[in-house]
Amino acid sequence: MTRKTFTEKVLHVVKNIPRGKTLTYKEVANRAGSPNASRAVGSILKQNYNPAIPCHRVIRSDGETGEYNRGRIEKIRKLKAEGAI
DNA sequence: TAGTTGACCGGAA
DNA sequence: ATTCCGGCCAACT
């Protein structure tokens, strides 16, 4: 069984996030199989530069947008453009 | 191989 | 309400 690594699972989950919807790092980690790996999710998305992965739809549990490769402002702007805010 | 870092979370002061 | 602390996991050096 070639199980997918945590990283692959996270990328898959984020890739499946529909437009106008936002998931928290904790939710993504939970779907990836590790509910406590919320921090690892951020580290992974940070390294993953893939336009097919809408990492800007992943926000913090506090309701804040969190950070983004291209800037937090761009992240917020994209979320607003999608109606997530 | 081991140690440090960080796009986090939750609880305590 | 805001600020501080420890814990958790993967990637980096």
Side-chain angles (χ1 to χ4, degrees):
Chain A
M1 279 283 296
T2 57
R3 278 185 304 169
K4 300 176 92 174
T5 59
F6 182 73
T7 308
E8 294 295 320
K9 292 180 190 174
V10 170
L11 297 177
H12 179 72
V13 172
V14 177
K15 203 189 313 180
N16 280 192
I17 299 176
R19 182 180 178 282
K21 178 71 180 274
T22 55
L23 279 176
T24 65
Y25 291 97
K26 192 129 193 218
E27 284 292 299
V28 175
N30 191 9
R31 285 173 178 244
S34 296
N36 303 21
S38 55
R39 221 171 190 190
V41 173
S43 298
I44 294 163
L45 296 178
K46 174 179 162 183
Q47 293 161 11
N48 184 78
Y49 282 80
N50 192 325
I53 301 183
C55 36
H56 62 266
R57 294 192 186 146
V58 185
I59 62 173
R60 304 206 329 185
S61 303
D62 301 274
E64 295 297 311
T65 56
E67 298 210 355
Y68 190 50
N69 299 4
R70 305 183 62 197
R72 301 172 279 221
I73 301 167
E74 288 295 311
K75 182 170 181 176
I76 297 170
R77 183 183 295 186
K78 284 168 183 271
L79 291 173
K80 289 172 90 172
E82 294 182 350
I85 301 179

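Basis for what follows: all heavy atoms, side chains included, without hydrogens, waters or symmetry-related copies. Since this is a predicted model, take the numbers as computed values, not measurements. Residue numbering restarts at 1 for every chain, and letters A, B, ... go by the order of the sequence lines.
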Protein N or O to nucleotides 10-13 of chain B N or O, pairs below 3.5 Å:
| from | atom 1 | to | atom 2 | distance (Å) |
| --- | --- | --- | --- | --- |
| B:dG10 | OP1 | A:Lys26 | NZ | 3.0 |

Fill in: Donor-acceptor contact present, side-chain A:Lys15 to main-chain A:Ala52, <3.5 Å
no

Fill in: Within-4.5 Å side-chain heavy-atom neighbours: A:Ile59 and A:Leu79
yes

Worksheet item: Do the side chains of A:Leu23 and A:Phe6 join up, straight or via other hydrophobic residues, at under 4.5 Å, putting them in one cluster?
Response: yes

Worksheet item: Within this structure, what is the CD-to-C1' distance between A:Glu27 and B:dC8, rounded to whole angstrom?
Response: 14 Å

Fill in: Any A:Leu11 side-chain heavy atom under 4.5 Å of A:Asn50 side chain
no

Worksheet entry | Distance-minimising heavy-atom pair for A:Arg72 and A:Gly66 | CG-O, 3.5 Å

Practice prompt. Find the distance A:Leu11:CG to B:dA7:C1' and express it as a whole number of Å.
Written response: 14 Å

Discussion item. Just the rounded figure in Å: distance from C1' of B:dC8 to OH of A:Tyr25.
Written reply: 8 Å

Worksheet item: With a 4.5 Å limit on heavy-atom distance, are the side chains of A:Asn16 and A:Arg31 in contact?
Response: no

Worksheet item: If the sugar-phosphate is the primed atoms plus P, OP1 and OP2 and the base is the rest, what is the B/S/- string for nucleotides 3-13 of chain C, using protein heavy atoms under 4.0 Å?
Response: ----BBBSSS-

Item to complete: Quickly work out the A:Asn48 CG to B:dA7 P distance and round it to whole Å.
Response: 15 Å

Discussion item. For a 4.5 angstrom cut-off between non-hydrogen side-chain atoms, does A:Arg57 reach A:Arg19?
Written reply: yes

Practice prompt. Please tell me if the side chains of A:Tyr68 and A:Ile73 come closer than 4.5 Å, counting only heavy atoms from C-beta onward.
Written response: no

